[in-house]
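One structure is given here, and the rest of the page talks about it.
As the structure is a computational prediction, the values presented were derived from the model and not from experiment. No hydrogens, no waters, no symmetry mates; every other heavy atom, side chains included, goes into these values. First listed ligand is number 1; within each ligand, the first listed atom is number 1.
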Amino acid sequence: MFVNLLTIVFFISILSQLLKSNSQLVDNFTYNGFHRPLNLISLQGKATVTPSGVLKLTRTTMHITGHAFYNQPIRFKDSPNDTVSSFSTTFIFAINPQTPTLSGDGVAFVIAPTSSLPLANSGEYLGLFNPMTNGNKTNHIFAVELDTILNNECNDTDDNHVGIDINNLTSVKSSPAGYWDETGHFKDLTLISGKRMQIWVDYDGLTHQIDVTMAPFNHAKPIKPLVSTVRDLSPILLQDMFVGFSASTGSVVSQHFVLGWSFRVKGKAPPLAFQSLPKFRELPHKRSSRITPLFIQVVIPIVSISLLIFLVRFILRRRRKFAEELEDWETESRTNRLKFKDLYYATKGFKDKNLLGSGGFGSVYKGVMPKTKKEIAVKRVSNQSRQGLKEFVSEIMTIGRMSHRNLVPLLGYCRRKKELLLVYDYMPNGSLDKYLYNIPEEVTLQWKHRSKVIKGVASALFYLHEDWEQVVVHRDIKASNVLLDADHNGRLGDFGLARLCGHGTDPLTTHVAGTWGYLAPDHMRTGKATTATDVFCVRGASTRSCSGEWVLLVDWVFGFWSEGNILGAKDPNLGTEYDQREVEMVLKLGLLCSHSNPHARPTMRQVLHYLSRDAVLPDMSRFDLHGSEMMLETYHGFSEVGMFTGESSLADSVLSNGR
Ligand SMILES: Nc1ncnc2c1ncn2[C@@H]1O[C@H](COP(=O)(O)OP(=O)(O)OP(=O)(O)O)[C@@H](O)[C@H]1O
Ligand SMILES: *[C@@H]1O[C@H](CO)[C@@H](O)[C@H](O)[C@H]1NC(C)=O
Ligand SMILES: *[C@@H]1O[C@H](CO)[C@@H](O)[C@H](O)[C@H]1NC(C)=O
Ligand SMILES: *[C@@H]1O[C@H](CO)[C@@H](O)[C@H](O)[C@H]1NC(C)=O
Ligand SMILES: *[C@@H]1O[C@H](CO)[C@@H](O)[C@H](O)[C@H]1NC(C)=O
Ligand SMILES: *[C@@H]1O[C@H](CO)[C@@H](O)[C@H](O)[C@H]1NC(C)=O
Ligand SMILES: [Mg+2]
């Protein structure tokens, strides 16, 4: 009996020894890196370990899987019909995407009945299932997926989530990657940032609580888990299971790394020794990919669309700004037509800095032609009516092309909206008025220049009146319309403008000017009259004051003349270098030209003769008696109706100081 008892005790001890050896199955392990020779780890698929000891589950090849399993079974249940014991695992992983914004497909911690999953598919199946096995209870697979692709078939919430999978790719529970910090705030993490991160998976065998927690590398385990659910794993897990990792790539690829791993049944996973982990170069810090795709999908299109809109508007506005309005008749005279754009750039956008001066018809701007670098003066004439514009343009272009040395060359014109732009040669020495009125003060002209100017203007007028095939009346002769070129030649500008702008209210002039080319003989003579006669034609528009001075001037000159001392009327700024006889003659000629009776005025031909002293001035004592009265009457008459201003006529201005 005693022997029997002993035998039983012996057997029991043997049995317990046997049981003990059974329970001596591994219940914990720790990998601070996966250094060769690999201890108890089996690699399948494309999984490798790097020389530095990093487990590399996939490489940047499309549609591959990689597995790494601890090759010893883990006893999850003490007996086949028992419940699953508590278990705990932690690992450090990193995902290096091929492109910073897209990555596939993910990596999972897996508990499987075998230490290999050869039939599992790549891509969205994460190397865990295939279309046949997905969702089948016979899988006995528990996984924690780190999913970086949004698969609607798997009810994924986004392309950056952590989920608990049971036999099925559709997670039982999932959450966007991140963690709850000490202050209770949720912090996003980006799985494919290339940064190292840590995961903890804890199962409580009594309460069936499954907690998945996540944190950045070297960060304490957050108290609040990221994903938790209550699920009894007893029907899922068999008594002995294998634990490991699975990863896959799809059409988009990434490298999935595991740097360290520990596991334990019935207890907390041993902590990892961070300082012992293999070296790993994290990707340089980038904007989190949750922002980057947003950036690509939203910000860039918005920015480029608004840029495009801006550009189109800019181009349209520019187009409109520089649009050329061509009318039929202009296609023929196109050679004279200049582009507004060129003029705009030439004058730097009609800047005030380039303004040469403003007159009754508009403003004159200095410019430099962009291509030829030629200096130009652009006159902007606001022109309300289009009527007669064609005739006007062709007229002034004809004159402008006459290239008389005493005419300001007209290079071309441009028409825009209600504006007419006339482009002249730039006259470097400006207009005569500033010399005569001494603005600025030191500026004056010597007699020999004045004489040259008088002769020049006279010859220009003669040319317009008689020498050309058609008769042209200038109608706006005044000091500011006589410009001095580089050699101080007087050149006549602004021909024809008075008519376009409705100036010249004198009916006679209006008529005469109306159409040159077919003038009645008497009108022609008037038209052909002297520079001084043009004074009558012009004055209308000007609104400047001191009309009294004008009367004074003529009166004044006339006074000197009747005293027999006409030289007394000369401009005091003239200095001493002048030909006394010539000055006297010119002053007298001025008076003659200012005669109130147009028939008494000499023609330009005669004027030229007088000036070149081919002819002698007629005896002027004839109008001695009533001439002065006549003249004064005339001038007074005009002054009463406000027909002229304090500006003197050209001849008078040249002859005297004008004020
Ligand atoms: N081709 C040119 N080269 C240089 N300066 C010029 C030229 N044309 C005009 N100017 C300058 O521009 C100023 C303004 O000229 P504008 O013709 O507009 O006025 P105005 O001659 O005083 O009066 P009006 O409108 O009766 O001709 C002139 O005083 C002159 O100094
Ligand atoms: C961990 O496993 C080893 C054998 O692999 C064993 O010696 C050790 O006691 C285990 N530690 C714990 C805390 O279970
Ligand atoms: C386990 O349970 C099954 C049925 O649920 C039963 O047939 C079997 O005997 C049980 N085994 C043990 C060891 O309890
Ligand atoms: C996977 O799980 C989801 C959600 O629980 C379920 O709708 C689906 O039918 C399952 N798949 C299979 C193949 O059973
Ligand atoms: C699950 O898999 C088993 C074996 O692999 C098979 O016999 C069964 O038909 C599958 N069930 C479903 C629902 O696909
Ligand atoms: C899919 O996810 C939504 C929430 O994201 C959930 O309400 C729904 O039940 C899920 N469907 C399945 C089949 O799991
Ligand atoms: Mg002018």
- Is the backbone of Asp433 close enough, under 3.5 Å, to the side chain of Ser480 for a donor and an acceptor to pair up by distance? no

ask   = Checking Asn134 side chain against Leu169 main chain: does a donor-acceptor pair fall under 3.5 Å?
value = yes

Just say parallel, tilted or perpendicular for the rings of Tyr344 and Phe350, cut-offs at 30° and 60°. perpendicular

* From Ser480, does some N, O or S atom reach closer than 2.8 Å to the Mg ion (ligand 7)? -> no

Could you pull out every N or O of ligand 5 that sits under 3.5 Å from a protein N or O, with the distance for each pair?
{"unit_1": "ligand 5", "atom_1": "2 (O)", "unit_2": "Asn136", "atom_2": "ND2", "d": "2.1"}
{"unit_1": "ligand 5", "atom_1": "2 (O)", "unit_2": "Thr138", "atom_2": "OG1", "d": "3.3"}
{"unit_1": "ligand 5", "atom_1": "11 (N)", "unit_2": "Asn136", "atom_2": "ND2", "d": "2.8"}

Using side-chain heavy atoms (C-beta onward) and a distance below 4.5 Å, is Lys374 in contact with Asp425? yes

Under a 3.5 Å cutoff, is there a donor and acceptor pairing between the side chains of Asp165 and Ser171? yes

Report task. For the pair Tyr463 (side chain) and Asn406 (backbone), establish whether a donor and an acceptor sit closer than 3.5 Å, ignoring hydrogens and angles. Result -> no

